[in-house]
Amino acid sequence: MATAATRFLMRRPTAIFLNASRLDYDKALDFSRLSSLTELTLNEVDAMTDANEIAEKVIASQAEIVITKEMELPLSAVEKFPSSVKLMCEAGTGYNNIPVDYARSKQIDVVNIPSYSTESVAHMVITYIMNFSAAIFPQAKMLHEGNQSNFKVFQHPIHEITGKKLGLIGGSGTIGTAVIDVALPLGMEVLISSRSGRLPAGHKYENNVRVKVVPLEELLSSSDFVSINCPLNNETRHSIGSREIRLMKSTAFLINTARGAVINEGELIECMKEGVIAGAGLDTQEIEPPHADSELWKLENVFLTPHIGWRRLETRQRLVDMTTDNIESYIKGQLQNVVN
């Protein structure tokens, strides 16, 4: 007679990863454990945008488990999913790309990965800070254009990081705290904006004299670097716009590794064209990638990276492994990380 463990080992539900290339774009990731647990199909595209094509792909697979990575799942597509679908997995933290209320109404569980790239994203913030402080971006641009004059007469303002103020919008969370972990040893002072006026009880930096909680306006006007680390929701969407940017020092830099839509990009572009602040580093944009005619591409004081905070090899493999953990817990009947 089969034991519960044996039944678990024998059960291999069908799973489809609708945009596996978003995660495994370099074919460097190991899906072997996930493949051992499921009948896995890796749809090797970065994204699917046509609702009918998405529905047809899931219908053809008769999948029980649907996996996505930062890919919009339109309600019109999910409404056509076969009754075989019982679990939808977002291979990431944000799940606003999935119609979770509709999924709940159809008794489809939706799970995510609450935290997988904390250090990687935090290090992206620090990478921007260090590049800005040494004017690496404009110097590299000069060299690529064949301009070596900087080696004769140096032409860029550069500064030490020690003693500079780092303002963290949303800095009391996991990623913000990881940024502080690196910023303090570099000798930086840290300002955090909080409506409550204090850090959560028991926060590791609650009593640190170099970490202060201040109103947002004070953070913006006092900081040499401002990093956005808050989630995107109705309150934070477009919460950083012209008014906020104009409160910043003219020598300050704005960094966004959170969600692009936290910034009002139209207002940011106008501020950057005026030279209101020294520069902006955007690892995330409201539309990724920005439209071909977006002025973001052309501004010399705006520096873009293609949302690479989570793309380091180790981070992506961790994401595969944690997604596999979620699916294994589902198979065992011990579902975890449910968001609906």
Side-chain angles (χ1 to χ4, degrees), residues 2 4-25 27 29-117 310 315-340:
T6 303
R7 286 194 298 273
F8 160 66
L9 291 172
M10 291 172 58
R11 171 164 154 69
R12 294 182 66 213
T14 302
I16 184 168
F17 196 149
L18 285 173
N19 62 326
S21 293
R22 173 66 62 90
L23 195 57
D24 194 25
Y25 53 84
K27 307 295 183 188
L29 302 183
D30 181 5
F31 287 90
S32 60
R33 186 162 74 92
L34 182 55
S35 295
S36 71
L37 291 171
T38 66
E39 298 286 348
L40 179 64
T41 297
L42 297 176
N43 188 35
E44 296 182 349
V45 299
D46 179 75
M48 301 178 72
T49 57
D50 184 275
N52 288 328
E53 289 184 10
I54 293 171
E56 289 168 5
K57 183 67 70 172
V58 175
I59 291 168
S61 71
Q62 284 298 298
E64 182 176 340
I65 301 169
V66 175
I67 309 167
T68 55
K69 172 60 179 169
E70 296 176 350
M71 188 185 95
E72 186 73 23
L73 279 180
L75 176 60
S76 58
V78 179
E79 286 175 336
K80 297 176 183 176
F81 281 5
S83 58
S84 60
V85 176
K86 301 298 181 186
L87 180 68
M88 296 167 65
C89 298
E90 172 56 30
T93 302
Y95 51 88
N96 56 329
N97 55 315
I98 298 173
V100 292
D101 291 336
Y102 177 80
R104 183 189 303 115
S105 73
K106 293 296 181 180
Q107 297 184 313
I108 300 172
D109 291 308
V110 180
V111 297
N112 76 333
I113 310 298
S115 178
Y116 69 96
S117 60
W310 64 270
T315 309
R316 289 183 289 126
Q317 185 60 55
R318 185 181 307 116
L319 187 52
V320 171
D321 295 340
M322 296 176 78
T323 299
T324 303
D325 291 341
N326 276 348
I327 291 172
E328 184 174 9
S329 74
Y330 163 77
I331 295 172
K332 290 180 174 179
Q334 302 168 353
L335 202 56
Q336 62 184 22
N337 298 323
V338 183
V339 300
N340 68 336

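All values below come from the heavy atoms of this structure, side chains included, with hydrogens, waters and symmetry mates left out. Given the structure is predicted, the values throughout are model-derived calculations rather than measurements.
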Donor-acceptor pair, E90 side chain versus I113 backbone, under 3.5 Å? no

Flag side-chain contact, heavy atom, 4.5 Å: L319 against K69: yes

Please set out all donor-acceptor pairs under 3.5 angstrom arising from side-chain atoms of residues 39-50, sequence neighbours excluded.
residue : atom : partner : partner atom : Å
E39     : OE2  : R12     : NH1          : 2.9
N43     : ND2  : L18     : O            : 2.8
E44     : OE1  : K27     : NZ           : 3.0
E44     : OE2  : K27     : NZ           : 3.1
D46     : OD1  : R22     : NE           : 2.8
D46     : OD2  : R22     : NE           : 3.2
D46     : OD2  : R22     : NH2          : 3.0
D50     : OD1  : N52     : N            : 3.0
D50     : OD1  : E53     : N            : 2.9

Roughly how far apart are Y330 OH and T38 OG1, rounded to 0.5 Å? 11.5 Å

Can V338 and N340 be said to form a side-chain contact (heavy atoms from CB on, under 4.5 Å), step by step? CA-CA 6 Å; V338 183; N340 68 336; 3.5 Å; yes

Quick one: do the E64 and S84 side chains pair a donor with an acceptor below 3.5 Å? no

I67 pairs by side-chain contact (heavy atoms from CB on, under 4.5 Å) with which of I327, I16, V111? I327

Could you give me the CA-CA distance, side-chain angles and deciding distance for V66 and I108, then say whether side-chain contact (heavy atoms from CB on, under 4.5 Å) is met? CA-CA 10 Å; V66 175; I108 300 172; over 6 Å; no

Does any part of the side chain of M88, heavy atoms only, come nearer than 4.5 Å to the side chain of L73, both counted from C-beta? yes

So, for S61 and T14, which heavy atoms are closest and what is the spacing to 0.1 Å? O-CG2, 3.5 Å

Hey, could you give me the NZ/CG distance between K57 and N19, rounded to the nearest 0.5 Å? 12.0 Å

Check whether any side-chain heavy atom of D325 sits under 4.5 Å from a side-chain heavy atom of Q336, and report yes or no. yes

Heavy-atom side-chain proximity of D24 to V320 below 4.5 angstrom: no

If the condition is side-chain contact (heavy atoms from CB on, under 4.5 Å), which residues does P114 pass it with, not counting sequence neighbours? N112, N337

Side chains of T323 and F17 in contact at under 4.5 Å (non-hydrogen atoms): no

Please examine the side chains of L335 and L87, heavy atoms only from C-beta on, and report whether any two atoms are closer than 4.5 Å. yes

Shortest non-hydrogen contact from P74 toward E72: CD-O, 3.3 Å

V110 and Y102, any side-chain heavy atoms less than 4.5 Å apart: no

Hey, is D101 close enough to R104 for a salt bridge, meaning N to O under 4.0 Å? yes

To the nearest 0.5 Å, atom SG of C89 lies from atom CE of M322 at 12.5 Å

Give a yes or no on this: more than 12 heavy atoms of other residues, nucleotides or ligands lie within 6.0 Å of atom OH of Y95. no

Could you grab the distance from atom CD of E56 to atom NZ of K80, nearest 0.5 Å is fine? 8.0 Å

Nearest 0.5 Å, what's the CG-OG distance between L29 and S32? 11.0 Å

What I'd like to find out is whether the side chain of T324 reaches to under 4.5 Å of the side chain of F31, using heavy atoms alone. no

The reported gap from CG in N97 to CD in E70 (rounded to nearest 0.5 angstrom) is 8.0 Å

Grab the two heavy atoms, one from Y116 and one from G92, that are nearest each other, plus how far apart they are. CE2-CA, 3.8 Å

